[in-house]
Amino acid sequence: MKELIRELNQQQREAVLYFDSPLLILAGAGSGKTRVITYKIAYMIEELGFEPERILAVTFTNKAANEMKERLEGLLKREVPVWVMTFHSFCVRLLRAHSVRLGYKPNFVIFDSDDKKRLIKEIIKDLNLDPDLYSPSTIASVISNVKNGTYSLDSMNLYYENIGQIFELYNKRLKESNALDFDDLLICGRDLLAQEDLKRRYSDYFRYVLIDEYQDTNRIQYEIALSLTKEKGNICVVGDEDQCIYTWRGANIENILSFERDFPNAKVIKLEKNYRCSGTILKAANAVIANNRKRKGKTLFTENPDGEPIRLFAAESDVEESQFISSTIKQFLKKGVKPSDIAVFYRTNAQSRILEDALRKEGIAYQIVGGVKFYERKEIKDVIAYLRVALFDSDVVSLLRILNVPKRGLGDAAEKKLKEILKVEKGNLKALEKLAESVSSARQRKAVEDLIEIIRAIREKIPTLPPYDLIKFITTVSGYKEYLQKEYREDWESRYENIEELGNTIQDFAEREKLEGEELYVEFLSTITLSSDQDEMEEGEKVTLMTVHASKGLEFPVVFIAGLEEGIFPHVRSLDSADGVEEERRLFYVAVTRAKKLLSLSYAKRRRFFGTYKSSQKSRFLDEIPSHLIKEVKKKERSGQPALQKTSSTSDKKPKIVFHKKFGKGVVKRVEGSGDNAKVTAFFANYGEKTVIMKFLKVLA
DNA sequence: GTGGTCAATGTTTTT
DNA sequence: CATTGACCAC
């Protein structure tokens, strides 16, 4: 341990060894803050005799938590039961023990944003409000902002006349469903710790609390931390105001200022030496962020060599940009760069598709982090809804979701009746029984009774069947498998595979956590709704594609940032306020500082939006980088290839032989349409006749 | 009353 | 371009 600490620079060492008062570490990008935190924890355990289970370390994502734990265990060469988790997970843990105090049963459900929107949609309908004025996603974010204290309900009342009513009803329905949304988790956690005995108990229990990514905590999270440590001042927070990119979710840079106010004797240590980036990259990052006015001010320096200039490519179109990126990646791979050392970042998820197409055409293995998350896929959510209905008799949102999926002849009218019944009859099964009696036809009656049977059957199997079999059972007993086959003729198999994957995941989870039966599923469900994009990242030899937000906390030797255009990055929705642009700039700063050795920036002069091309201008952020750091990549120098093939793989002539990643070689029988989206029907030796979109095919002849 | 088909319509970022 | 809503035939 002592030798390890000797490796640290002076500031890092001081941060590890300091325990005299509350500690605020302002850690610039790539300054080794994760190292500092892990060493600090290790030092506490090894040298100061702290009991690991009485240390709480809060991270931003579960992935970061796992990594920190792994590093710690690598350092100490044994299992270390430190509480490493996100604020949300921490609150869930508190709530499982004490939820009754706040009027929730301990087996509560967590509503994800999809559940939340569904519920809001119901409420808007029930209140007869105009869905154009009250779009579920807008209302969802308003509710969130009110809950986490960004806006007051009254101030929102100006824009949304009925918001008070919606807000109240939303919370009422949630509570009746024994459900909490993301914001509730934090609020309830805070409220529990506001109770004198619990505050006493937990603040006595935890001997030290550390918070990573402090700049992205919101007020409520801060209050949680405060109630655990206010008295003893046994707290260390690590953050960088220049990397605060979640203000729209209630993150508050003010927390950094509040910290010094609430803990007047706080010690501040700055980590300004960057170990990650090349000199050139760091200079660019510093120059960009200097344009922000709202910052405490810190200047990073590095001893790393300047390295290669930053590349800039001005593409004529979005297609050309993605071709540039994929062909450059291909060159790198040829030169021996590992795919896992390369990442492509973009501002919005919608940009990923075109990049994917280009990489696929070059035959480059890639993974996308984020986008539509695994657990948000329709088929997964449907199956989980069955599970939830079987587990939680109060989960109305899930019941409504499966009422007519698969189609069983219970449409709008039946749904309305059910909702009427639910107003007086609490409990899904009871309500369904009543529905069976009040429904119009014998056919519908049978349908409802069948549904009740399905739910009962699942419920019965929960304690006995292994998880994989239970999931399989759900898909058969509910007729969901046939539904997929009928509804998704083309790709039902991959969807069904996803469901099987879900079964496997639960099985693994059960073995890892040594849980079974109801407890297993309740635990699993809360874990997956709190899982972040990064949690899904795979190890392996693949190029990584993700949004800039998802890249937070990561690093790659080679980084591409695509779509550096006004309106995209900075995003249009941020342009009307100075604060908005500053947040975009911090976001760009985060993106740039992920790169260790090589950074490639690009933009497109024309970009396709919904179907039509729109011309765009290069991002202001590009002009903020000193030009001597940049080398513009000219088209003709690119990859030594002749100018671009105008329409990629599709030629005017009809293809005869094609190649598909999974199906292999195929003989073309028919082509409908033209270009990338042409439908090609071909005969494949091992798979028979298949119809595939052109862009998934390579033309061989 | 339900389910299939057609048209319109909408894209920030996420625990 | 892909999902969601409105409309009409069963």
Side-chain angles (χ1 to χ4, degrees), chain A residues 58-65 85-92 110-114 116-117 121 131-132 135-138 140-141 144 148 180-186 189 213 216-218 220-221 244-251 345-354 369-373 376 378 404-417 439-441 443-444 447 486-487 526-535 546-552 563 567-575 580 583-584 586-588 590-591 607-612 676-677 693 695:
Chain A
V58 183
T59 57
F60 191 71
T61 64
N62 293 298
K63 159 120 173 159
M85 54 185 78
T86 63
F87 271 112
H88 294 268
S89 310
F90 177 69
C91 291
V92 169
I110 304 164
F111 270 25
D112 67 11
S113 36
D114 183 62
K116 183 178 183 180
K117 273 184 226 158
K121 211 162 149 191
D132 288 336
S135 87
S137 45
T138 321
S141 78
S144 194
N148 66 38
L180 296 101
D181 65 17
F182 289 131
D183 303 302
D184 290 339
L185 290 176
L186 299 175
E213 305 286 6
D216 281 320
T217 54
N218 67 28
I220 297 168
Q221 293 169 327
C244 173
I245 55 175
Y246 284 95
T247 59
W248 49 273
R249 217 173 72 189
F345 300 157
Y346 36 83
R347 176 65 240 268
T348 67
N349 282 306
Q351 290 167 255
S352 72
R353 180 167 223 101
I354 190 157
V369 178
V372 181
K373 284 187 243 162
E376 284 170 6
K378 183 188 176 319
N404 201 29
V405 178
K407 302 228 156 63
R408 47 172 69 88
L410 300 171
D412 285 352
E415 187 184 313
K416 214 167 175 189
K417 249 179 212 160
V439 109
S440 52
S441 67
R443 214 172 134 166
Q444 285 199 319
K486 193 167 161 248
E487 210 70 12
S526 58
T527 305
I528 61 169
T529 37
L530 293 180
S531 79
S532 69
D533 280 343
Q534 279 192 18
D535 302 343
M546 62 178 127
T547 64
V548 182
H549 281 91
S551 77
K552 177 185 164 97
I568 296 221
F569 201 173
H571 195 271
V572 242
R573 301 277 288 255
S574 71
L575 291 179
E583 176 140 333
E584 295 287 307
R586 290 193 294 270
L587 198 50
F588 183 58
V590 168
R607 184 174 291 276
R608 231 171 122 129
F609 270 93
F610 299 107
T612 50
D676 267 5
N677 293 311
I693 310 292
K695 65 181 163 196

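Letters A, B, ... are given to chains in the order of the sequence lines, protein chains preceding strands, and every chain is numbered from 1.
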Residue list, salt bridge (Lys or Arg N to Asp or Glu O under 4.0 Å) with A/R249, at least two apart or on another chain: none

Taking only the side-chain nitrogens and oxygens of [X], find out if one of them lies under 4.0 Å from OP1 or OP2 of [N].
X: A/R608; N: C/dC1; result: yes
X: A/N404; N: B/dG3; result: yes
X: A/R353; N: C/dA2; result: yes
X: A/R573; N: B/dT12; result: yes
X: A/N349; N: B/dT12; result: no
X: A/S89; N: B/dT15; result: no
X: A/Q221; N: B/dT15; result: no
X: A/K486; N: B/dG4; result: yes
X: A/N148; N: B/dT15; result: no

A/K117 side chain vs A/A140 backbone, donor-acceptor pair below 3.5 Å: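 No, because the side chain of A/K117 does not come within donor-acceptor range (under 3.5 Å) of the backbone of A/A140.
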
Please give, in whole Å, the distance from [N] [atom2] to [X] [atom1]?
X: A/I568; N: B/dT13; atom1: CD1; atom2: P; value: 11 Å
X: A/H549; N: B/dT13; atom1: NE2; atom2: P; value: 9 Å
X: A/I528; N: B/dT14; atom1: CD1; atom2: C1'; value: 16 Å
X: A/F60; N: B/dT15; atom1: CZ; atom2: C1'; value: 6 Å
X: A/I245; N: B/dT12; atom1: CD1; atom2: C1'; value: 12 Å
X: A/K117; N: B/dT14; atom1: NZ; atom2: C1'; value: 10 Å

Just checking [X]: base, sugar-phosphate only, or nothing, at a heavy-atom cut-off of under 4.0 Å?
X: A/K121; result: sugar-phosphate
X: A/A413; result: sugar-phosphate
X: A/K417; result: nothing
X: A/D112; result: nothing

Does the ring of A/F87 meet both stacking tests against the six-membered base ring of B/dT15: centre distance under 5.5 Å and plane angle under 30°? no

B/dT12 pyrimidine/purine six-ring stacking with A/H571, under 5.5 Å and 30°: yes

Earlier contact from the 5' end, DNA chain B, for A/S137 and A/A414: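 The residue closer to the strand's 5' end, by nearest nucleotide, is A/A414.
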
Which sits closer to the 5' end of DNA chain B, A/E583 or A/G409, going by the nucleotide each is nearest to?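 Closest to the 5' end, via its nearest nucleotide, is A/G409.
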
Just compare B/dT15, B/dT13, B/dG4 and give me whichever is closest to any side-chain atom of A/K407. B/dG4

Taking the side chain of A/F182 as its heavy atoms from C-beta onward, which of B/dT15, B/dG1, B/dT14 lies nearest to it? B/dT15

Which atoms form the tightest heavy-atom contact between A/S526 and A/I110, and what is the distance?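 What the structure gives for the nearest pair is CB-CD1, 3.2 Å.
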
Nearest non-hydrogen partners of A/S551 and A/V590, listed with the distance: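 Between these two residues, the closest heavy atoms are OG-CG1, 4.2 Å.
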
Establish whether the base of B/dT13 is bridged to the side chain of A/R347 by a donor-acceptor pair shorter than 3.5 Å. yes

For A/S141, enumerate each residue passing the side-chain contact (heavy atoms from CB on, under 4.5 Å) test, keeping only those at least two apart in sequence or located in another chain. none

Is it the case that atom NZ in A/K486 sees more than 12 heavy atoms from other parts of the structure closer than 6.0 Å?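 Open.
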
What distance, rounded to whole Å, do you find between the two P atoms, one in C/dT4 and one in B/dT13? 16 Å

